[in-house]
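The model shown is predicted, which means the values in this text are computed figures rather than measured ones. In the text below, chain A, chain B and the rest are named by the order of the sequence lines, each starting its count at 1.
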Number of protein chains: 2
Amino acid sequence: MGISNFPMITSLRTTLKEHGLKDTQPRRFVLQALEKLKKPASPYDIQKWVDAKGGSINAVTVYRIIETFMRIGLVHRHPCDGHFSLCSMPHKKGHHGFLHCTSCGKTQEFHDEQLCKAEERVARTLKFRSSTHVSEILGTCAACAA
Amino acid sequence: MGISNFPMITSLRTTLKEHGLKDTQPRRFVLQALEKLKKPASPYDIQKWVDAKGGSINAVTVYRIIETFMRIGLVHRHPCDGHFSLCSMPHKKGHHGFLHCTSCGKTQEFHDEQLCKAEERVARTLKFRSSTHVSEILGTCAACAA
DNA sequence: ACTGTAAATGCAATATTATTGCTTTTACAA
DNA sequence: TTGTAAAAGCAATAATATTGCATTTACAGT
């Protein structure tokens with residue numbers, strides 16, 4: 001098990017190319033915002049972050065980029081904090097794990113092989129061809145418990 | 001492993017009482033809608049369902065009831081279909097499992113002990129006091145694959 | 001049963017978030 | 001370079017969610 005790392009901007013170009021997509025500044029902005037914010041963010045959070053950095057990005061564009069990124073597995077949504085919030089990053093096997101503290105709101109990413117395997121077994125048993133799977137654990141983090 | 005069942009309206013009264021909440025018609029409506037729809041529903045879906053059954057419920061009330069139900073663990077949100085969509089039902093141990101078909105949009109609920117255990121282990125390892133955990137598997141169901 | 005009271009609901013207004021159609025700009029292949 | 005499809009921007013609108021306050025309702029204690 002290990003805490004996940006965020007992908008470098010440099011590899012974005014490659015990832016996009018693999019899917020026949022263009023490497024544009026707005027896309028780099030969005031990825032960078034998600035990397036730096038280090039926690040689930042709303043489209044608006046992303047736009048704000050870009051603005052704060054002296055850049056500029058249209059809200060509609062943010063929505064569309066998120067949609068694209070979701071499609072190619074670069075980002076995804078969270079069950080815990082409503083509508084269009086995002087988690088941060090892609091995992092090798094399509095498995096995403098999160099711990100979300102309902103007290104301080106922070107989210108920690110994790111990866112666990114055994115859990116991943118269990119999910120794949122469930123899918124198999126129910127004749128389901130899985131592409132990605134998500135685990136989200138809600139509760140109280142160590143800091144907040146103290 | 002087994003597919004989950006939905007709780008009876010009759011037990012709602014008890015659950016509510018345990019949390020010091022009142023047993024009202026709108027609350028029964030919402031629960032019944034989620035039971036009968038048998039898949040994640042938006043607040044609007046719920047209102048429509050109630051209307052269709054000849055009942056009536058205010059949209060704001062639906063939002064507030066959802067909020068309350070989430071708080072006491074009766075329902076929760078989905079990572080796969082946007083904003084305020086809901087899954088349906090409570091699980092004994094706070095573990096919720098879902099298979100969501102990205103082709104037909106249907107969601108199937110499941111419960112798996114091993115997976116549940118794995119999630120609890122992860123939480124323990126990371127000094128996290130978990131209350132609920134969710135697994136969502138995205139992919140293609142048997143029917144759509146054929 | 002009756003009644004007082006806190007909780008829940010409804011209503012109206014508003015805020016927030018997301019989508020759509022169309023035009024302009026941009027990445028990138030030839 | 002330059003042509004072209006894809007992406008981004010813009011403006012308008014739609015859908016979704018929230019808030020404050022008035023009214024109604026569940027239910028505990030008579």
What I want to find out is whether A/Lys17 reaches A/Asp23 closely enough, with some N-O distance under 4.0 Å, to be called a salt bridge. no

Does B/Lys117 pair with B/Glu113 as a salt bridge, N-O distance under 4.0 Å? yes

Could you state the [atom1]-[atom2] distance from [X] to [N], rounded to the nearest angstrom?
{"X": "A/Gln47", "N": "D/dC10", "atom1": "CD", "atom2": "P", "answer": "11 Å"}
{"X": "A/Lys48", "N": "C/dT16", "atom1": "NZ", "atom2": "C1'", "answer": "13 Å"}
{"X": "A/Phe69", "N": "D/dA7", "atom1": "CZ", "atom2": "C1'", "answer": "12 Å"}
{"X": "B/Lys22", "N": "D/dA28", "atom1": "NZ", "atom2": "P", "answer": "9 Å"}
{"X": "B/Gln25", "N": "D/dT25", "atom1": "CD", "atom2": "C1'", "answer": "11 Å"}
{"X": "B/Asn58", "N": "C/dA13", "atom1": "CG", "atom2": "C1'", "answer": "13 Å"}
{"X": "B/Arg27", "N": "C/dG10", "atom1": "CZ", "atom2": "C1'", "answer": "14 Å"}
{"X": "A/Phe29", "N": "C/dT26", "atom1": "CZ", "atom2": "P", "answer": "13 Å"}

From [options], pick the nucleotide closest to the side chain of [X]?
{"X": "B/Leu21", "options": "D/dT16, C/dA8, D/dC27", "value": "C/dA8"}
{"X": "B/Val60", "options": "C/dA12, D/dA8, C/dT19", "value": "C/dA12"}
{"X": "A/Asp23", "options": "C/dT9, C/dC28, D/dC27", "value": "C/dC28"}

Given DNA chain C, 5'-ward residue of the pair B/Ile57 and A/Tyr44, judged by closest heavy atom: B/Ile57

So which one's nearest nucleotide on DNA chain D is more toward 5', B/Thr24 or B/Ala59?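 Counting from the 5' end, the first nearest nucleotide belongs to B/Ala59.
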
I would like to know whether B/Ile46 and B/Ile66 meet side chain to side chain contact (heavy atoms under 4.5 Å, CB included); could you show each step before the answer? CA-CA 10 Å; B/Ile46 293 168; B/Ile66 286 166; 4.1 Å; yes

Counting C-beta onward and ignoring hydrogens, is there a side-chain heavy-atom pair between A/Asp45 and A/Lys48 closer than 4.5 Å? yes

C/dT9, OP1 or OP2 - any side-chain N/O from B/Arg64 closer than 4.0 Å?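 Checking B/Arg64 against C/dT9: no side-chain N or O falls below 4.0 Å of OP1 or OP2.
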
If you measure only the distance, is there a donor-acceptor pair under 3.5 Å linking the side chains of A/Glu119 and A/Ser135? yes

